[in-house]
Amino acid sequence: MKVSQVSPDESGIVRWPGTLGARSSVVTIGVFDGMHRGHQALLRRVVELAAKNQDRPMALLFDPSPKLVHSYADSHDMTEPPLDLIRHDPDQIMPLEERLRLMSQLRLDQVVVVRYTLAFAAKSYRFFLKQLTEQLAMRTLVLGRDAQMGAGRVGDIKAIGDLADTGLFNLEVVDDQGPGDCTLPDADGLERRRVRAWSSSHLRQLILDGDVDAALDILGRPHMVQGTVVHGEQRGRRLGFPTANLAPDSQGMMPADGVYAGWLVDLGLPTDPMATPEGREGRLAQGSPWRMPAAISIGTKETFLAPGQQMPRILEANAVRPDWVDLYGHRVRVEFLSRLRGQKRYAGEEPLKRQLALDADRTLELTKAAGRVFSVN
């Protein structure tokens with residue numbers, strides 16, 4: 001799969017590379033945060049339609065997310081978000097790198113990462129889609145039933161369908177065949193809104209609630225966080241349960257405080273040849289020696305907090321195996337299979353050790369039972 005990156009100019013116009021329009025294409029558009037089953041259905045349909053006419057299956061991926069750009073602009077005098085906020089979007093389910101990795105498994109030919117800006121957002125959906133037909137040779141556009149685009153988001157499925165009826169392109173609307181709709185609270189928690197069960201909005205809420213079991217059903221694979229292992233207080237090693245502590249700038253949405261069963265995958269040092277995308281696939285594979293069952297804790301280590309003491313949230317993973325693996329400085333991936341329990345304060349080290357042993361045993365049971373290959377790793 002080829003990946004291109006394009007940025008609009010100050011007026012919001014994208015100069016698409018000429019090679020992208022060398023043959024007719026089937027295109028879909030979105031952020032694809034989470035790459036859940038709904039996204040997968042959409043992208044598989046793109047590949048299926050492209051194969052019928054030997055077209056190029058292509059996805060346009062917006063980054064940063066429109067939600068981040070507009071919400072920041074609304075509260076900062078219509079300015080673009082700074083680069084550090086874009087890199088660490090607190091609302092992002094998974095990093096761009098992981099979205100692209102999963103897309104490559106679905107046999108797309110081309111992904112174009114489009115930098116989303118306010119000037120770009122101000123262009124009408126008609127202007128944008130006309131550009132795609134002229135410069136990307138878009139024969140067919142594939143969208144979900146609730147898609148919206150263009151200035152003011154007035155380009156909904158009906159409006160886009162009316163434009164397609166003029167003969168400019170074909171429109172294919174995909175119903176993701178998910179389990180229907182659900183309701184989520186608004187930001188103020190006072191009202192509820194309806195969203196698709198297979199949606200990034202629903203998935204995001206489940207992860208924030210710590211319901212990684214339900215998130216797995218929507219994703220088709222465990223939710224993940226990845227980052228660099230840093231030195232901690234080594235208290236876990238003293239207790240007999242050494243942990244890999246992730247740096248605060250880890251990527252991927254952090255679930256709610258609690259203890260989870262899952263896996264810790266060693267991605268190697270940044271300089272390790274096995275840390276390349278090709279080598280990473282081998283490390284992530286089911287049965288890989290770099291994939292270890294792990295009891296994962298997220299919280300503030302309440303048992304060891306002094307009265308009034310504050311501590312940042314920490315993600316630490318205890319690889320449930322007989323020998324300690326030195327992972328300091330390594331990039332690792334933490335995958336969440338199931339929630340075991342909430343965080344609580346124990347009356348000392350001995351009760352905590354007994355609970356950690358129970359967590360380890362339960363983790364081994366769950367990861368062994370889940371020894372299946374997910375639809376998208």
Side-chain angles (χ1 to χ4, degrees), residues 90 93 184-185 189 202-219 222-265 292-322 324-325 327 332-370:
I93 296 170
L184 295 179
H202 186 208
L203 177 59
R204 194 173 287 113
Q205 188 64 54
L206 290 172
I207 294 168
L208 291 174
D209 290 344
D211 193 351
V212 298
D213 305 71
L216 187 150
D217 289 337
I218 297 175
L219 288 165
H223 174 59
M224 55 76 66
V225 172
Q226 63 185 28
T228 303
V229 177
V230 297
H231 287 272
E233 298 173 338
Q234 298 192 345
R235 188 179 280 121
R237 183 179 297 194
R238 190 182 75 243
L239 295 174
F241 298 89
T243 60
N245 290 27
L246 264 64
D249 62 351
S250 300
Q251 296 178 303
M253 179 166 280
M254 200 78 76
D257 287 3
V259 178
Y260 302 84
W263 290 273
L264 174 68
V265 186
M292 299 162 274
I296 306 152
S297 174
I298 300 174
T300 56
K301 299 186 179 181
E302 295 181 26
T303 298
F304 302 100
L305 284 180
Q309 183 183 5
Q310 300 292 321
M311 180 178 284
R313 297 178 75 215
I314 294 172
L315 186 156
E316 50 185 350
N318 165 230
V320 184
R321 54 188 295 171
W324 166 241
V325 183
L327 296 175
V332 298
R333 174 186 176 109
V334 177
E335 298 179 355
F336 299 87
L337 174 64
S338 183
R339 183 179 173 92
L340 298 179
R341 60 180 176 87
Q343 290 284 7
K344 63 175 289 187
R345 188 181 185 94
Y346 290 88
E349 292 189 355
E350 288 306 314
L352 176 59
K353 285 172 65 175
R354 289 194 292 272
Q355 182 60 62
L356 293 176
L358 292 173
D359 295 339
D361 290 345
R362 183 61 177 148
T363 292
L364 286 175
E365 290 176 11
L366 289 170
T367 52
K368 184 177 180 180

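Judged as a side-chain contact (heavy atoms from CB on, under 4.5 Å), and not counting sequence neighbours, the contacts of D209 are Q205. Scored by the side-chain contact (heavy atoms from CB on, under 4.5 Å) test, D361 finds no partners at all (sequence neighbours excluded). With sequence neighbours excluded, the residues forming a salt bridge (Lys or Arg N to Asp or Glu O under 4.0 Å) with R362 are E365, listed by chain and number. Applying the side-chain contact (heavy atoms from CB on, under 4.5 Å) test to T367 and every residue at least two apart in sequence or in another chain returns W263, P293, L337, T363. Among residues two or more places apart in sequence or in another chain, the side chain to side chain donor-acceptor pair (under 3.5 Å) test is passed with R341 by Y346, D359. Judged as a side chain to side chain donor-acceptor pair (under 3.5 Å), and not counting sequence neighbours, S250 has no contacts. In this structure S297 satisfies the side-chain contact (heavy atoms from CB on, under 4.5 Å) test together with V259, E316, Q343, sequence neighbours excluded.
Annotation: side chain of F336 is not in contact with side chain of L216 (no heavy-atom distance under 4.5 Å). Counting heavy atoms from C-beta on, the side chains of Q226 and V265 never come closer than 4.5 Å.
Between the NE2 atom of H223 and the CE atom of M254 there is a distance of 8.5 Å, given to the nearest 0.5 Å. Within the model, atoms NZ of K344 and CG of D257 stand 15.5 Å from one another, a figure rounded to the nearest 0.5 Å. Here the OG1-CG distance, from T243 to L315, works out to 9.5 Å after rounding to the nearest 0.5 Å. With rounding to the nearest 0.5 angstrom, the CD1 atom of I93 is 7.5 Å from the CG atom of L219. Once rounded to the nearest 0.5 Å, the distance linking CG of D211 with NE2 of H202 reads 8.0 Å. To the nearest 0.5 angstrom, Y260 atom OH is 14.0 Å from L366 atom CG.
Taking each heavy atom of D213 and S338 in turn, the nearest pair found is OD2-OG, 2.6 Å. In this structure, L264 and A244 approach most closely via the heavy-atom pair CD2-CB, 4.2 Å. Contact between P255 and I298 at its shortest, heavy atoms only, is CD-CD1, 3.7 Å. For the residue pair P242 and N318, the shortest heavy atom distance occurs at O-ND2, 3.0 Å. Scanning all heavy atoms of the two residues, the minimum distance from L206 to A215 falls at CD1-N, 4.0 Å. Nearest heavy atoms, G210 versus A256: N-CB, 3.7 Å.
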